[in-house]
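Below you'll find the structure, written out as structure tokens, and then a few comments.
Chain letters run A, B, ... following the sequence lines, proteins first and then strands; every chain starts at 1. Fair warning: this is a prediction, and the values are worked out from it, not measured in the lab. In what follows, every heavy atom counts, from backbone to side chain, and hydrogens, waters and symmetry copies are set aside.
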Amino acid sequence: MKLATWNVNSLRARLGRVEEWLAANEPDVLVMQETKCDDAAFPAGAFKLLGYDTVHHGNGRWNGVAIASRIGLEEIRAGFSGEDAPSIEECRIVQARCGELRVFSVYVPNGRVVDSEFYVAKLAFLKRLREELETTGDPDEPIAVCGDFNVAPEDRDVWDIAAFEGATHVTEPERAAVRALEEWGLSDALRSLHPDEVGPFSWWDYRAGNFHKGYGMRIDLALVSRPLRERLVAAYVDRDARKGKLPSDHAPVVVEFSD
DNA sequence: ATGGTAGCGCTGCTA
């Protein structure tokens, strides 16, 4: 089984590349972030032609998350459970059962500036995600929480930690919030299989030729529960998807499990 | 070279 997560940075702008990538890579499930469209504009038909059922949760210009699955799509939930959901989630989370898997697509707020209201909201979102797992999940079930976390878990997950002095994505509270998800019962799939590597990065700023200089970050994560961790056979970034004409600024992170 | 790009949508915000 193959599962991928990709911040596509506008599905309207990227649909051709996403279709191409799906046809070439044939993941069983692809979760997407930053679709930047509303539900009515989501191109469900294009995915259906490739064999994927989809759920989309978006409301226009910003954010927007989706799941495409060719192994079933049930028990769909857009947003967090409960009444407080709309105020905090901003079309940044959707989940569904895909065959035996419970899959989340999450787009954690950027945070912008440390200690800003946006940074506070980022930490609150991550805390709420942990609560969602606690109240609705079981770490002994096969669960994959995937997406753009906007957090680099360790110093080696950025090209130069010195360049991040005072910046978001690398602060201890952000990292602790991601660790809290792991402590609930999830493993960072890519880091589990590549414990001694730098990165590999999954995002590079469009500006200043950063991709070509290798100035990236590993902020797109696939966090998987123990039953999946035990079946994990591959985890990698498809860096080629960041190349060529009009790429997303993120590359897909792919994880593979034995059947 | 001391800024750089990209998307959305029409002005400046977001990343």
**Asked** Step by step, would you call F47(A) with F42(A) a ring pair (Phe, Tyr, Trp, His ring centres under 6.0 Å)?
**Response** CA-CA 10 Å; F47(A) 288 91; F42(A) 180 77; 5.4 Å; yes

**Request:** Applying side-chain contact (heavy atoms from CB on, under 4.5 Å), run through V145(A) and L129(A) and close with a yes or a no.
**Result:** CA-CA 10 Å; V145(A) 183; L129(A) 179 55; 4.2 Å; yes

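Proximity of R14(A) to the phosphate of dG7(B): a side-chain N or O atom is located under 4.0 Å from OP1 or OP2. The side chain of S10(A) contributes an N or O atom lying less than 4.0 Å from OP1 or OP2 of dC8(B). For the OP1/OP2 pair of dA15(B) and a distance below 4.0 Å, the side-chain nitrogens and oxygens of R112(A) include at least one atom meeting the criterion.
dA1(B) and dG12(B) have their C1' atoms separated by 26 Å, with the value rounded to a whole Å. When the P atom is used for both dG7(B) and dG3(B), the distance is 24 Å, rounded to whole Å. Distance noted for atom P between dC13(B) and dT2(B): 25 Å (whole Å).
F211(A) has its CZ atom 13 Å from the P atom of dA6(B), to the nearest Å. In this structure, NE2 of H250(A) is placed 11 Å from P of dA15(B), rounded to the nearest angstrom. Here the C1' atom of nucleotide dG7(B) and the CZ atom of R207(A) are 13 Å apart, to the nearest Å. Atoms CG (D38(A)) and P (dG7(B)) sit 19 Å apart, rounded to a whole Å. Distance N110(A) CG to dC13(B) P: 16 Å, rounded to the nearest Å. When rounded to the nearest whole Å, the span between CZ of R242(A) and C1' of dA6(B) equals 10 Å. The CG atom of L15(A) sits 15 Å away from the C1' atom of dG7(B) (whole-angstrom rounding). Spacing between atom OH of Y215(A) and atom P of dG4(B) amounts to 18 Å, rounded to whole angstrom units.
A donor-acceptor pair shorter than 3.5 Å can be found between the side chains of R102(A) and T136(A).
Take the nearest nucleotide of DNA chain B for L246(A) and for N63(A): the residue whose nucleotide is more 5' is L246(A). Mapping G209(A) and D148(A) onto DNA chain B by nearest heavy atom places G209(A) closer to the 5' end of the strand.
Checking dT5(B), dG7(B), dG12(B) against every side-chain atom of R61(A), the shortest atom distance belongs to dG12(B). Checking dC8(B), dG4(B), dC13(B) against every side-chain atom of A208(A), the shortest atom distance belongs to dG4(B).
Salt bridge R191(A)/E154(A): present, at least one basic N to carboxylate O contact under 4.0 Å.
Note on Y107(A): only backbone sugar-phosphate atoms sit closer than 4.0 angstrom, heavy atoms only; bases stay farther off.
R175(A) meets the side chain to side chain contact (heavy atoms under 4.5 Å, CB included) test with V151(A), D155(A), I161(A), V170(A), E172(A), R179(A); sequence neighbours excluded.
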